[in-house]
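Notes for the one structure printed next.
Each ligand, and each atom within it, is numbered from 1 in the order the structure gives. Keep in mind that this is a model prediction, so the values were computed, not measured. Position 1 is the first residue of the sequence, and the numbers go up from there.
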Amino acid sequence: MTSTGEIRFSHGIGGPTRGSDDGAPAATLGLRIAETFVSRQGEGKLTGVESFFVRTSGCNLRCWFCDTPYASWKPEGPRQTVSTIVDSVLQSGISHVVLTGGEPLLPDACVSLCQQLRDAGLHITIETAGTIDRDVPCDLMSISPKLSASAPDAGDHPQWHQRHHDRRMPIDLMRRLIDRSDDFQVKFVIDSPAEFDECAGVVESLQVRPDDIWIMPQGVSAEAMDTAATWLKPWCESAGYRFCDRMHLRWYGNRRGT
Ligand SMILES: C[S@@+](CC[C@H](N)C(=O)[O-])C[C@H]1O[C@@H](n2cnc3c(N)ncnc32)[C@H](O)[C@@H]1O
Ligand SMILES: Nc1nc2[nH]cc(C(=O)O)c2c(=O)[nH]1
Ligand code: SF4
Ligand SMILES: [Mg+2]
């Protein structure tokens, strides 16, 4: 990690490398893990399904609203080998795994992790912002493209503001992630009606059906979601998108490990 808390990744945007600087295979090096926990999937088409969550630490974006800053702004947690993580999942006896972050497609070892989980017959959802071009086995690619208003403040974080701008919306790359996966969903975070046109433009560029689009209100409480629903739900209905309640916030509150 650098003095500013940024993890140095082994590849630039969109171009993963194989292995590492010291020659160790990715599976041995493992992944930095902020937390693992069992919960019910709170978002999207698998809402309600009991799942084993693996949250990697480290992100190449810095959304101002990030609800897991301990995996992005201030990444926490030790490295774990792929076999340690796979053992934990298998011991739980749970058949659905959600790989999230931070940005779970950043570490090279995410490929062998997903391959081993798949070989064990488990269902894998990957929650990603869709900025890393990675050919990774997965059952549900859940992409949450980041709109321009999600960038951190330019005055407070000039470098991350610029990086966020440069990295957040590689349309062709997202399309490849969609084309490679067995199934996909696209989830947007909307903070205000000013983002409607931009969101609709991205949907058009991605060439996906309105039915595949889930719209999540920005916020981390049931009250915030209910307030946003008054202006967000009518827009979703008119555009044919799905309104996405983030149910874990209702079930458990905004608590870590849920
Ligand atoms: C913490 S992110 C990790 C995965 C990946 N970095 C991404 O952004 O998709 C997990 C999910 O939470 C959503 N999210 C994060 N902060 C949020 C907030 N304040 N309100 C609504 N959704 C949020 C993201 O858009 C994403 O769908
Ligand atoms: N219950 C629950 N469902 C989730 N779906 C996606 C999540 C994420 O943080 O990526 C998440 C999460 O953090 N908790
Ligand atoms: S891309 Fe995801 S993990 Fe990274 S800062 Fe944005 S919401 Fe947080
Ligand atoms: Mg979450």
Side-chain angles (χ1 to χ4, degrees), residues 5-7 9 13 31-77 94 96-107 110 123-132 138-153 157 159-161 163-170 173-174 177 184-191 214 216-222 224-225 244-258:
E6 185 193 358
I7 294 176
F9 301 111
I13 184 69
L31 305 87
R32 195 170 180 201
I33 300 297
E35 59 184 354
T36 61
F37 56 94
V38 174
S39 185
R40 280 182 285 169
Q41 171 58 269
E43 302 169 8
K45 63 171 75 174
L46 293 181
T47 293
V49 175
E50 186 182 46
S51 304
F52 191 103
F53 287 78
V54 177
R55 190 182 302 284
T56 62
S57 209
C59 187
N60 59 336
L61 301 178
R62 291 289 186 282
C63 307
W64 68 264
F65 55 62
C66 183
D67 64 358
T68 52
Y70 53 91
S72 56
W73 287 96
K74 292 189 170 176
E76 296 176 11
I94 291 168
H96 283 68
V97 182
V98 179
L99 183 60
T100 184
E103 178 45 64
L105 293 182
L106 274 174
C110 72
H123 181 287
I124 306 165
T125 299
I126 298 182
E127 303 282 356
T128 176
T131 62
I132 306 289
C138 135
D139 297 281
L140 175 61
M141 188 61 77
S142 177
I143 305 177
S144 182
K146 294 299 176 288
L147 299 174
S148 52
S150 61
D153 182 79
H157 305 281
Q159 204 175 32
W160 278 113
H161 181 87
R163 285 178 181 159
H164 196 284
H165 173 76
D166 294 344
R167 295 172 173 174
R168 68 182 172 79
M169 199 61 76
L173 187 160
M174 288 179 189
L177 291 175
F184 76 96
Q185 61 190 9
V186 181
K187 304 185 301 178
F188 290 91
V189 179
I190 300 277
D191 189 50
W214 297 74
M216 307 191 291
Q218 193 287 120
V220 292
S221 69
M225 289 196 297
C244 181
D245 238 326
R246 302 173 74 217
M247 290 304 294
H248 49 302
L249 296 173
R250 298 191 189 278
W251 296 327
Y252 314 113
N254 183 30
R255 287 196 293 119
R256 201 165 159 161
T258 61

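Using a 4.5 Å heavy-atom threshold, the side chains of P145 and M169 count as touching. Between R40 and W251 the shortest side-chain heavy-atom distance falls below 4.5 Å. With a 4.5 Å cut-off on side-chain heavy atoms, D153 and W64 do not count as touching.
Side-chain N or O atoms of T56 include one that pairs as donor or acceptor with a backbone N or O of T100 at under 3.5 Å.
None of R255, R246, R55 except one satisfies the salt bridge (charged side-chain N to carboxylate O under 4.0 Å, His left out) rule with D67; the exception is R246.
Ring geometry, F37 versus F53: the interplanar angle falls under 30°, so the pair is classed parallel (tilted spans 30 to 60°).
Short contacts between ligand 2 and T258, defined as distances under 4.0 Å to a heavy atom of the residue, involve ligand atoms 1 (N), 2 (C), 14 (N). Ligand 2 places these atoms under 4.0 Å from at least one heavy atom of S39: 1 (N). Every atom of ligand 3 with a heavy atom of G102 under 4.0 Å away is listed here by number and element: 3 (S).
For atom 13 (O) of ligand 2, the closest non-hydrogen atom on the protein side is R55 NH2, 2.9 Å. The protein heavy-atom contact nearest to atom 4 (Fe) of ligand 3 is C59 SG, 2.3 Å. Protein heavy atom closest to atom 5 (S) of ligand 3, with residue, atom name and distance, is C63 N, 3.2 Å. Here the heavy atom of the protein found nearest to atom 8 (C) of ligand 2 is T100 OG1, 3.6 Å. Protein heavy atom closest to atom 5 (N) of ligand 2, with residue, atom name and distance, is Q41 OE1, 2.5 Å. Protein heavy atom nearest atom 8 (Fe) of ligand 3, with residue, atom name and distance: C66 SG, 2.3 Å.
When every heavy atom of N60 is checked against every heavy atom of W160, the shortest pair comes out as O-CZ3, 3.4 Å.
Polar contact with ligand 2: present for R40 (N/O pair, distance under 3.5 Å). Not a single N or O atom of Y252, backbone or side chain, sits closer than 3.5 Å to an N or O atom of ligand 2. By the 3.5 Å distance cut-off applied to N or O atoms, G42 is counted among the residues near ligand 2.
At least one heavy atom of F53 lies less than 4.0 angstrom from ligand 2. Distances shorter than 4.0 angstrom do not occur between any heavy atom of A71 and any atom of ligand 3.
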Intermediate values then yes/no, side chain to side chain contact (heavy atoms under 4.5 Å, CB included), Q41 and H96:
CA-CA 9 Å; Q41 171 58 269; H96 283 68; over 6 Å; no
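Under a 4.0 Å N-O distance rule, the pair E76/R256 qualifies as a salt bridge.
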